[in-house]
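The structure appears below as structure tokens.
Start at 1 with the first residue, then count along the sequence. We use all heavy atoms of the structure for the numbers below, so side chains are in, but hydrogens, waters and symmetry mates are not. Please read these numbers as outputs of a predicted model, since none were measured by experiment.
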Amino acid sequence: MNEDDKSKKPRTSNMGLAIAMGAGIGIIFGKFVFDNVGIGIVIGAGIGIAFSSFNNSK
């Protein structure tokens, strides 16, 4: 490693956190709107993935 590599800040990925938070919110959303928890988890995880990819595009 040279000095340039040591000074760079490593990029962190929060995709797992975004998926987990989206799925958690999706459980509540799916239960009340669709009366099906599974649909809410899928929608929430999808939103979490999309949010995470938009966040890393800076």
Can you list the other members of the hydrophobic cluster that holds [X], where links are side-chain heavy atoms under 4.5 angstrom apart?
X   : answer
L17 : M21
I41 : I27, V37
F29 : V33, F34, I39, I43, I47

According to salt bridge (charged side-chain N to carboxylate O under 4.0 Å, His left out), does anything in [range] pair up with another residue at least two apart or in another chain? List the pairs.
range          : answer
residues 37-53 : none
residues 18-30 : none
residues 20-33 : K31-D35
residues 37-49 : none

Pairing residues for I19 by the side-chain contact (heavy atoms from CB on, under 4.5 Å) criterion, not counting sequence neighbours |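 M15, A45, I49.
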